[in-house]
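Inspection log for the structure reproduced underneath, given as structure tokens.
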There are 2 protein chains.
Amino acid sequence: MRATDRSRFERLDAIAARLKDDAALTAKDLAEQLGVSLRTISRDLALLRDRGVPVEADRGRGGGLRLPRHWGVGRLSLTYREAVELLVCLAIAEQLPSPWLIANLAAVRRKLVASFAPALKDKIASLRSRILIGGSASAAVIESFSPLGAEISEALLAGFLEHRRLRLCYRDVAGKLTEREIEPQWLLLNAPVWYVMGWDHKRQAVRSFRCDRILEAHLTESPFTLRPAREFDAAIADIRAIRP
Amino acid sequence: MRATDRSRFERLDAIAARLKDDAALTAKDLAEQLGVSLRTISRDLALLRDRGVPVEADRGRGGGLRLPRHWGVGRLSLTYREAVELLVCLAIAEQLPSPWLIANLAAVRRKLVASFAPALKDKIASLRSRILIGGSASAAVIESFSPLGAEISEALLAGFLEHRRLRLCYRDVAGKLTEREIEPQWLLLNAPVWYVMGWDHKRQAVRSFRCDRILEAHLTESPFTLRPAREFDAAIADIRAIRP
DNA sequence: GAATAATACGCCATTTTATGTCATGTTTCT
DNA sequence: AGAAACATGACATAAAATGGCGTATTATTC
């Protein structure tokens, strides 16, 4: 004779949900609401505690069940794209020296990284050190700025994350078109303009590209390995010098 | 005769984890690895599908089980503190104009806000517009900077998030100690130094406080309402002027 | 087109787990 | 002291999970 017929684990979810609404709640209430015996609720609570939910119980008259104030933050379920944006966002925030309020983002980053498929994990774990945030772009740069197309955007992102070479069609400062095959190793933001720094395969040298000057980008199957950071120092300095 | 003795739902987790490793995987492999029969694996997969995991199966020779590429990325469960830090981190990133890679953080923020207890949601939703990120602090400021104690840090955060008044003991620039009762309305970061801008209750005026000069902070029960942003313009300009 | 390797699913006996009931203990408030 | 709350043990029973078997279906390979 149950109020709603659920499997056990749905009931556990239901209990957790009711606990989160930090209203006064007793085990007896739960038993009635969920149509099971008090003993079962008791066992369910034990199970929840085993699984890491810190259910606190106050004995005695006027007592009841609680979660520690503010433990109620449930699961976050992000799409792939959102997860990647969040990673970038973390990379940015972790570049700010702040001993308070954003001091422990590393834990969040670890959890986020852990949610990726193992094959991507190690590649993604190093992402933070391959993104640089500069100041904002100069007026001249902003003037000539145009947003990226969806396809290019996809390809760039995939190449950067998965360490795969890209074939680019690029229009340089002078307006000349070139075909290139590059390893997208670093990203740099001079808001609102993103730059890719890559190893140019034909020229065997570091080159940097303003993302919105890329006309086409195609993902290849060739993987690459990360190059030492110092090889990019000069290129980074160059881009930063664009704005006075 | 089981490889490892687990309850059913632990086994479901194990299956999901193995599926994420997008290596070739058949139901038979799973059955052997987990020490249960093929029939059980089959039932487990049905259960996973019921619970919303889009397990794809290729029949026939060379077939096997898969998850859609990138499914399940971004499932994480955060502690309250982590969620708050993440919110602040988002507030920071959303202040950067970037049309790519961090353009869609709003969705993440919404999901994050939704995961808080209902009572806090509306207060937290406006948090983004009450945090400002300035440049980095001047050498002189950094010189005199000291990290915050855990208790003060807790109280400040709680007051700011929950809109509750704080009683402060503050040492001003001249070194003079004062007792104050303030409404913590804004936060401002000149890395690594945080400032609180608040409405000082005794003086009936906006005042700003360098967080690391706060000697004591006690949370009171009195709630406050947000004041219009323009009242803080002058104070913000002041703090920014500290660094030339 | 036949053999093979994979998933899918129904049925049923058996094993395991979950549940209810009853009993007892403990803590806390009135 | 008594009532209201959680905690926990024991045991019979109800429910669910499991294994084994058979069959169907789909895709690949030879």
Side-chain angles (χ1 to χ4, degrees), chain A residues 1-69 71, chain B residues 1-69 71:
Chain A
M1 204 194 292
R2 307 193 171 164
T4 46
D5 208 17
R6 313 172 118 109
S7 82
R8 182 170 200 187
F9 282 78
E10 287 177 69
R11 195 178 59 229
L12 289 188
D13 287 348
I15 293 176
R18 283 177 163 76
L19 283 171
K20 265 206 298 207
D21 288 358
D22 55 296
L25 186 67
T26 66
K28 197 180 162 196
D29 293 341
L30 275 177
E32 281 163 13
Q33 285 171 30
L34 301 174
V36 293
S37 75
L38 201 61
R39 188 66 185 83
T40 296
I41 292 295
S42 189
R43 279 188 276 239
D44 284 348
L45 291 173
L47 229 172
L48 280 176
R49 292 190 180 107
D50 275 355
R51 309 196 103 204
V53 183
V55 185
E56 291 178 4
D58 297 320
R59 295 179 157 193
R61 192 171 202 155
L65 305 168
R66 287 180 291 111
L67 289 176
R69 188 153 172 65
W71 188 92
Chain B
M1 206 194 291
R2 307 195 172 161
T4 46
D5 208 18
R6 316 171 117 107
S7 82
R8 181 169 201 187
F9 283 78
E10 286 178 69
R11 196 178 58 228
L12 289 188
D13 288 347
I15 293 177
R18 282 176 165 76
L19 283 171
K20 253 199 328 200
D21 287 11
D22 56 324
L25 187 67
T26 67
K28 198 180 161 195
D29 294 341
L30 277 176
E32 280 163 14
Q33 285 173 30
L34 301 175
V36 294
S37 73
L38 200 60
R39 188 67 188 82
T40 297
I41 292 295
S42 178
R43 278 188 279 240
D44 284 349
L45 290 173
L47 228 173
L48 280 176
R49 292 190 179 106
D50 276 356
R51 308 194 105 208
V53 183
V55 184
E56 292 177 4
D58 297 319
R59 295 177 158 198
R61 193 169 198 158
L65 305 167
R66 288 179 290 112
L67 287 176
R69 194 158 167 62
W71 186 90

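Below, chains carry the letters A, B, ... as their sequence lines are ordered, and counting in each starts from 1. As the structure is a prediction and not an experimental result, all values here were calculated from the model.
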*B:Ala27: side-chain contact (heavy atoms from CB on, under 4.5 Å) partners, not counting sequence neighbours*: B:Leu38, B:Ile41, B:Leu65

*Sequence-distant partners of A:Thr26, side chain to side chain donor-acceptor pair (under 3.5 Å), two or more places apart*: A:Asp29

*Would you mind listing every ring pair (Phe, Tyr, Trp, His ring centres under 6.0 Å) that reaches into residues 26-60 of chain A, with sequence neighbours excluded?*
none

*Would you say a side-chain N or O of A:Thr40 is under 4.0 Å from OP1 or OP2 of C:dG20?*
yes

*Please identify each residue that fulfils side-chain contact (heavy atoms from CB on, under 4.5 Å) with A:Arg39, with sequence neighbours left out.*
A:Ser37, A:Ser42, A:Arg43

_Distance check needed: C:dA6 C1' versus B:Glu56 CD, whole Å only._
16 Å

*Which value, rounded to the nearest 0.5 Å, describes the distance between B:Leu47 atom CG and B:Thr40 atom OG1?*
11.5 Å

*Going from CG on B:Leu30 to CG on B:Leu45, what distance comes out if it is rounded to the nearest 0.5 angstrom?*
7.0 Å

*Could you state the CG-P distance from A:Asp44 to C:dT19, rounded to the nearest angstrom?*
6 Å

*May I have the distance from B:Asp50 (atom CG) to C:dA8 (atom P), rounded to whole angstrom?*
13 Å

*Only pairs at least two apart or in different chains count here, so list each ring pair (Phe, Tyr, Trp, His ring centres under 6.0 Å) that has a residue in residues 9-33 of chain B.*
A:Phe9-B:Phe9

*Bend across the helix from C:dG1-D:dC30 to C:dT30-D:dA1, to 10°, with axes taken over 5 pairs at each end?*
40°

*Would you say a side-chain N or O of B:Arg8 is under 4.0 Å from OP1 or OP2 of D:dA15?*
no

*How many Å lie between CD on B:Glu32 and P on C:dA5, as a whole number?*
14 Å

*Considering all heavy atoms of both residues, which atom of B:Asp44 and which atom of B:Arg11 are nearest to each other, and what is their separation?*
OD2-NE, 2.6 Å

*asked:* Looking at B:Arg61, I'd like to know whether one of its side-chain N or O atoms comes within less than 4.0 Å of OP1 or OP2 on C:dA6.
replied: no

*B:Ile15 CD1 to C:dT7 P: how many Å, rounded?*
12 Å

N/O-N/O pairs, protein side and nucleotides 6-8 of chain D side, under 3.5 Å:
from: D:dC6; atom 1: OP1; to: A:Ala27; atom 2: N; distance (Å): 2.6
from: D:dA7; atom 1: O4'; to: A:Arg59; atom 2: NH2; distance (Å): 2.9

Identify all side-chain donor-acceptor contacts of residues 48-56 of chain B below 3.5 Å with residues at least two apart in sequence or on another chain.
from: B:Arg49; atom 1: NE; to: B:Val55; atom 2: O; distance (Å): 3.1
from: B:Glu56; atom 1: OE1; to: B:Arg66; atom 2: NH1; distance (Å): 2.7
from: B:Glu56; atom 1: OE1; to: B:Arg66; atom 2: NH2; distance (Å): 3.3

